[in-house]
Amino acid sequence: MELRDYLRGLRRHWLAIFLMTAVGLGAGYGWTLLQTPVYVASASGLVQSTGQGTDVGSMSLGDNVARSRVPSYLVMAGWTDVADGVIDELGLDTTPEQLVQRVEVTNPSSTVILNAAAEASTPTEAKELAEAWLRSLATVVEGVEAESSESGEAPVEIISRETASVPSQPAFPDVQTALIVGGVLGFGFGIAFAMLRTAADRRIRNAEDTEQKTGVAVVGTIPFVPSMDEKNRLVDASAANSTGRNGTFAVSEALRALRTNLQFMDVDHPPKTIVVTSPLPGDGKSTIACNLALTLAAAGTTVVLVDGDLRRSMVAKTMGLPGGAGLSDVLAGRAALSEVLQRTEKSNNLLVLTAGSVPPNPSEVLGSERMHTLLADLTKHATVIIDAPPLLPVTDGAVLTHQADGALIVTTLGKTTYDLLDKALDTLRKARGRPLGIVLNKAPLRGADAATYSYEYRHDYTSKPGEASSADDQSEAPKSSHKAAASKASRKAPVSKSSRTPSTQTADASDDFVTEPPTDQRG
């Protein structure tokens, strides 16, 4: 995987990163609520000589004596004698050893000042403890100095000069620090989660990785448009669809790109019988088959759309045609092909052969000699698009691909896994079928996986509503030539003139298509 894949993974899992960061912030704040607050108050005292005179020499000597005593007093500040005095003064319920751990006495460099910082659970207790500690220290120092002096008086004393102030905020826990630490840890876990999910992700995400891992070309990427729902699965495949109506311009353009790739796949022998299938149901193969047939027909090609899914047929519903008799009836000899071929108002160059009655043995019916002969006769006059069942649940799709020029495998971007796609390709190879290419369906127009398929140019290449009339005038000549080509192609199409009216009429018996099925049938 490349760096951009990991960056897309971070963008894809942004919600998980955000949630984990929020959880880290919440955990940090919750930790502060569970802790007992600790307040710190500081009091200062001055070490000075008691026998200091008024002349400069005496003052200098007294200052030197005070400075020499400061290191000793720092050590004495940790004595239990000092703690005992504080316990007696404040009436604390604790031991001297525990109390000593709550007080720290320091000396600023090059000074004779002692700072006592005391910790307590309340601001008032911290203030009282700091002041009492200095008083108790002064008492202990006075007693020690007096005992060691010949005169019985202490030459140096500690005088409290600055009383402690009541702290307004606890020194511990620090809410800001806890939030920063919790947020950083949560964000780090979110990044790690996104990286692991991206590295272990087996779902199809882009065309480059798909081609590299399967060895099959990606011939089309169809974007997902919310306006295309179950009631409206078809797009306007005509050249007039340049305004992006209903947001389907990107889909129409992607289908035209798929049509071009099919036409140039083999210039000398382009595929004429194309199976559209997928690894599993729900990938949108029927919608792709119907829209591809309309797109090919819009270019002037005579197309026959065959519903080869005899188990769960969707072509008739998608195209808005009645079901009734269809492919299975023709193969069973109950109807002639010209009687069940239907026109659609979507295009004059498109004929639709619905699935018909559901047979008890679909795989045998689709693999019969009659099906092979039928496809061969249809291919003589038109390009045949077959909507086939999924490859993994049943064998119908592989059987149809064996009788066709190849199959387009429709996958869902971000849902279909490489394992499923590999199994589908393996099923085709075992049936001696040819994969023409892979179609990535439902590609998002926005988001982490939309960089390649965003169709951002549609705003520049689509006409604005106010420019629609002028665009129509400018394109009148091309449309006329297109209509002429379409009418010429329709005259070549093996259907009767009566069936050229946009309706659901069937072809007449005078058509060049097979009107009677072959005499034998397998299964």
Side-chain angles (χ1 to χ4, degrees), residues 1-13 194 197-225 228 235 247-266 270-271 274-280 282-285 287-289 291-292 295-296 390-392 401 406-429 433-458 461:
M1 297 182 66
E2 300 180 359
L3 177 61
R4 62 177 181 179
D5 297 321
Y6 287 104
L7 294 178
R8 287 178 182 174
L10 293 177
R11 188 179 177 187
R12 189 181 303 120
H13 297 96
R197 286 294 301 271
T198 302
D201 192 4
R202 292 288 297 167
R203 288 174 290 182
I204 296 175
R205 294 294 183 182
N206 54 70
E208 294 80 4
D209 291 343
T210 304
E211 293 178 347
Q212 181 180 2
K213 293 181 179 181
T214 63
V216 180
V218 175
V219 295
T221 301
I222 312 300
F224 172 75
V225 177
M228 294 182 62
V235 298
T248 59
F249 171 77
V251 181
S252 302
E253 200 62 31
L255 289 168
R256 295 189 187 103
L258 175 59
R259 177 184 66 191
T260 302
N261 290 335
L262 290 176
Q263 292 172 344
F264 288 94
M265 187 172 294
D266 191 343
I274 303 172
V275 171
V276 181
T277 182
S278 63
L280 292 176
D283 291 321
K285 62 175 184 60
T287 303
I288 297 297
N291 284 294
L292 177 60
T295 305
L296 290 172
L391 292 169
L392 298 183
T401 305
L408 292 176
I409 303 176
V410 180
T411 61
T412 302
L413 197 71
K415 178 182 177 181
T416 305
T417 63
Y418 288 107
D419 299 326
L420 293 176
L421 181 57
D422 290 339
K423 291 180 181 179
L425 292 172
D426 185 62
T427 301
L428 279 185
R429 296 187 184 98
R434 174 192 176 192
L436 296 176
I438 299 171
V439 178
L440 304 181
N441 193 24
K442 302 178 182 179
L445 291 174
R446 295 181 178 87
D449 299 318
T452 313
Y453 323 110
S454 59
Y455 292 90
E456 294 177 354
Y457 62 85
R458 65 184 181 276
Y461 283 81

Residue pair [X] / [Y], side-chain heavy-atom distance below 4.5 Å:
X	Y	answer
V439	L258	yes
L262	L292	yes
V219	L408	yes
D209	Y418	yes
R434	T401	no
P223	V251	yes

Who are the side-chain contact (heavy atoms from CB on, under 4.5 Å) partners of [X], not counting sequence neighbours?
X	result
L10	L7, I17, I191, A194, M195
D426	K430
T416	I204, P279, D283, T411, T412, L420

To the nearest 0.5 Å, what is the distance between [atom1] ([X]) and [atom2] ([Y])?
X	Y	atom1	atom2	result
L440	T221	CG	OG1	4.5 Å
L413	F224	CG	CZ	12.5 Å
L255	I288	CG	CD1	6.0 Å

Give every donor-acceptor pair under 3.5 Å between a side-chain atom in residues 210-218 and any protein atom, sequence neighbours left out.
from: T210; atom 1: OG1; to: N206; atom 2: O; distance (Å): 2.7
from: E211; atom 1: OE2; to: V218; atom 2: N; distance (Å): 3.0
from: T214; atom 1: OG1; to: T210; atom 2: O; distance (Å): 2.5
from: T214; atom 1: OG1; to: V216; atom 2: N; distance (Å): 3.3

Show the nearest heavy-atom pair for residues [X] and [Y], with the distance to one decimal.
X	Y	answer
G9	T198	CA-OG1, 3.2 Å
S278	I409	CA-CG2, 4.4 Å
P271	L436	CB-CD1, 4.1 Å
R259	L296	CG-CD2, 3.3 Å
L392	A424	CD2-N, 3.7 Å
G433	P435	O-CD, 3.6 Å

- request: Could you pull out all residues at least two apart from R202 that satisfy side-chain hydrogen bond (donor to acceptor under 3.5 Å, both in side chains)?
  value: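 R202: side-chain hydrogen bond (donor to acceptor under 3.5 Å, both in side chains) contacts with D419.
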
message: Holding to side-chain hydrogen bond (donor to acceptor under 3.5 Å, both in side chains), I want the full list of residues that pass it with D201, two or more places apart in sequence or in another chain.
response: R203, R205

Go through the structure and list residues passing salt bridge (Lys or Arg N to Asp or Glu O under 4.0 Å) with [X], not counting sequence neighbours.
X	result
D422	none
R429	none
R197	none

